**Student:** 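Right, I'll just put the structure down here and ask away after.
Since this is a predicted model, take the numbers as computed values, not measurements.
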Amino acid sequence: MRSTTILLEALLRAGMRDVVSVEPAAGGLAALAGIAARRNAPSVFVKALADAPPDGVFVAEAEGLAALRDLGGLATPEVILADRELLVLSMLRPRPRSETFWEQFAHALARLHLGTTHARFGWHRDNWLGRRRQINTWTDDGFAFFAQHRLLRWLGEPRVEAALDAGDRRALERLCDQLPDLLPDRSACLTHGDLWAQNVLATPDGRPAVIDPAVSYMWAEVDLAHVWSTAPPPEAHRFFDVYAELTSLDGDWRSRMPIVQLRQHLAVLAQFDDDWGAADQIRATLAPFRTRT
């Protein structure tokens, strides 16, 4: 299989001569992923891109994992190797189908968000959301940061231009102008940035762990919206109530989720031929901001 051959060759070039085979791993959308068996060491998870990756994409991801672990206390896989070609991580387990697991994750995510508040929005470097650059220029105003670097930045992407008409684009601009009236004024905190359910796994001893971050200091609700909007499993139903109680989240938070999640829908639309309904979700959220004729 071509994907496993690419991964094996990249591992050998990186000096991991003890790798004997690579089997494909399911779940990833933007990268090739596999599980590499080694002669005298535990198996590892490896990811790469089929074509030349942007400079620093895997180094930035490794840095994000370290930040979530060291600054926010979230469990993450150990980074074994990160270079221009590939990222090698210690193995995690599939998450258990357990309400207790998701309640534990609510506590862990609340600790991350409450314990990492920051005076500004952004990050000290750009990183990547999927295969697109995430702009993290430091900004004092969260509404301006979200509008410019999380919403409007997608309008120039070819797939977004093809899917959204001029009225949709003007509606997005109007929504951005009205953000201070639509969303509460919140402080920045360290966010995972790509927190859909597939990026929540378990450590070998069963604790919640996360992978595939696109970190920045941003509103906590960016993470909450992504979990909320990407079909979490039934056993996660208590997650949201526990998180809301721990963070004193107001009762209107659900009504804000479609606006906050626009960022992720636009990113999906920009990167994949099958957008899994993202374009329809975007149009529905923008409908109140279209001009009436």
Side-chain angles (χ1 to χ4, degrees), residues 68 72-74 99-122 129 139 141-147 149-151 171-172 174-200 208 210 213-268 276-278 280-289:
L68 292 170
L74 281 183
E99 291 185 11
T100 300
F101 174 88
W102 280 94
E103 291 181 18
Q104 291 172 343
F105 184 53
H107 281 266
L109 191 64
R111 284 194 300 271
L112 168 71
H113 292 158
L114 294 173
T116 58
T117 55
H118 199 278
R120 306 183 76 194
F121 294 80
L129 183 63
T139 307
D141 185 325
F143 299 114
F145 180 84
F146 189 66
H149 300 313
R150 297 295 183 263
L151 297 182
L172 181 61
R174 290 189 193 95
L175 180 149
C176 287
D177 290 341
Q178 297 177 40
L179 280 175
D181 299 320
L182 300 170
L183 301 176
D185 189 3
R186 304 287 200 205
S187 298
C189 65
L190 184 61
T191 56
H192 177 283
D194 194 10
L195 197 59
W196 67 312
Q198 294 297 327
N199 285 344
V200 182
V210 297
V215 300
S216 67
Y217 286 104
M218 186 52 209
W219 296 320
E221 288 184 15
V222 167
D223 283 345
L224 187 66
H226 205 16
V227 181
W228 174 259
S229 303
T230 52
E235 58 268 20
H237 73 98
R238 279 278 299 150
F239 167 84
F240 300 101
D241 290 339
V242 172
Y243 178 89
E245 181 179 350
L246 292 168
T247 59
S248 300
L249 195 60
D250 64 272
D252 293 332
W253 67 267
R254 290 174 177 83
S255 67
R256 299 191 291 270
M257 295 295 96
I259 292 175
V260 179
Q261 187 63 0
L262 269 175
R263 170 256 194 173
Q264 200 72 21
H265 290 322
L266 286 161
V268 168
W276 299 279
D280 291 337
Q281 293 284 347
I282 292 165
R283 293 189 195 98
T285 303
L286 294 179
F289 302 92

**Student:** Taking side chain as C-beta onward, heavy atoms only, is Thr247 less than 4.5 Å from Glu221?
**Tutor:**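 Side chain of Thr247 against side chain of Glu221, heavy atoms only: no contact under 4.5 Å found.
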
**Student:** Mind running ring pair (Phe, Tyr, Trp, His ring centres under 6.0 Å) on Phe121 and His149 for me, showing each step along the way?
**Tutor:** CA-CA 10 Å; Phe121 294 80; His149 300 313; over 10 Å; no

**Student:** Return the minimal non-hydrogen interatomic distance between Leu151 and Leu175, and the atom names on each side.
**Tutor:**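 For Leu151 versus Leu175, the nearest heavy atoms are CD1-CD2, 4.1 Å.
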
**Student:** Is the backbone of Leu195 close enough, under 3.5 Å, to the side chain of Asp223 for a donor and an acceptor to pair up by distance?
**Tutor:**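 Not confirmed, Asp223 side chain does not pair with Leu195 backbone.
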
**Student:** Please confirm whether the backbone N or O of Arg150 pairs with a side-chain atom of Arg263, one donor and one acceptor, at under 3.5 Å?
**Tutor:**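 No, the answer is negative, given that no donor and acceptor are paired below the 3.5 Å cut-off.
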
**Student:** Any non-hydrogen side-chain atom of Leu224 less than 4.5 Å from a side-chain atom of Val260?
**Tutor:**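 Side-chain contact under 4.5 Å: no.
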
**Student:** Does Gly122 offer a backbone N or O that forms a donor-acceptor pair with the side chain of Ser216 under 3.5 Å?
**Tutor:**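 Side chain of Ser216 to backbone of Gly122: no pair is present.
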
**Student:** Decide, yes or no, whether a salt bridge links Arg238 with Glu99 under the criterion of side-chain N to carboxylate O below 4.0 Å.
**Tutor:**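 No salt bridge links Arg238 with Glu99.
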
**Student:** So, are Arg174 and Asp177 salt-bridged, with charged N and O less than 4.0 Å apart?
**Tutor:**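 So Arg174 does not pair with Asp177 through a salt bridge.
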
**Student:** Is a side-chain N or O of Thr116 found less than 3.5 angstrom from the main chain of Leu190, in a donor-acceptor match?
**Tutor:**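 The answer is yes, because a donor-acceptor pair under 3.5 Å joins these two groups.
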
**Student:** Compare all side-chain heavy atoms of Leu109 with those of His192 and state whether any distance is below 4.5 angstrom.
**Tutor:**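 When only atoms from C-beta onward are counted, His192 and Leu109 do not touch, as no gap falls below 4.5 Å.
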
**Student:** Students often mix this up, so state it plainly: with edges at 30° and 60°, are the rings of Trp102 and Phe105 parallel, tilted or perpendicular?
**Tutor:**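 Perpendicular: the ring planes of Trp102 and Phe105 meet at over 60°.
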
**Student:** Restricting to non-hydrogen atoms, name the atom on Trp253 and the atom on Asp250 that form the minimum distance, rounded to 0.1 Å.
**Tutor:**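 Minimum heavy-atom contact is CD1-O, 3.1 Å.
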
**Student:** How about His107 and Pro208: do any of their side-chain heavy atoms sit closer than 4.5 Å?
**Tutor:**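 SC-SC contact between His107 and Pro208 ruled out.
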
**Student:** Please walk me through it: do His113 and Leu246 pass side chain to side chain contact (heavy atoms under 4.5 Å, CB included)?
**Tutor:** CA-CA 11 Å; His113 292 158; Leu246 292 168; over 6 Å; no

**Student:** What I'd like to find out is whether the side chain of Gln261 reaches to under 4.5 Å of the side chain of Trp228, using heavy atoms alone.
**Tutor:**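 Not touching, per the 4.5 Å side-chain cut-off.
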
**Student:** Specify whether Trp219 and Phe146 have parallel, tilted or perpendicular ring planes, treating 30° as the upper limit for parallel and 60° as the lower limit for perpendicular.
**Tutor:**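 Rings of Trp219 and Phe146: tilted, as their planes differ by 30° to 60°.
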
**Student:** Search all heavy atoms of Thr230 against all heavy atoms of Ala197 and return the closest pair with its distance.
**Tutor:**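 Heavy atoms of Thr230 and Ala197 come nearest at OG1-N, 3.9 Å.
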
**Student:** Tell me the closest heavy-atom pair linking Leu179 and Ala147, and the distance in Å.
**Tutor:**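 For Leu179 and Ala147, the tightest heavy-atom pair comes out as CD1-CB, 3.9 Å.
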
**Student:** So do the side chains of Asp194 and Gln264 get within less than 4.5 Å of each other, counting heavy atoms only?
**Tutor:**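 Yes. Closest side-chain heavy atoms under 4.5 Å.
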
**Student:** Given side chains that start at C-beta, do those of Leu172 and Ile282 come closer than 4.5 Å, heavy atoms only?
**Tutor:**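 Answer no - side chains too far apart.
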
**Student:** Test Phe289 against Leu182 for side chain to side chain contact (heavy atoms under 4.5 Å, CB included), laying out the working first.
**Tutor:** CA-CA 12 Å; Phe289 302 92; Leu182 300 170; 3.7 Å; yes

**Student:** Measuring only between side-chain heavy atoms, which start at C-beta, is Phe145 closer than 4.5 Å to Met218?
**Tutor:**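 A side-chain contact exists here, since the closest heavy-atom pair is under 4.5 Å.
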
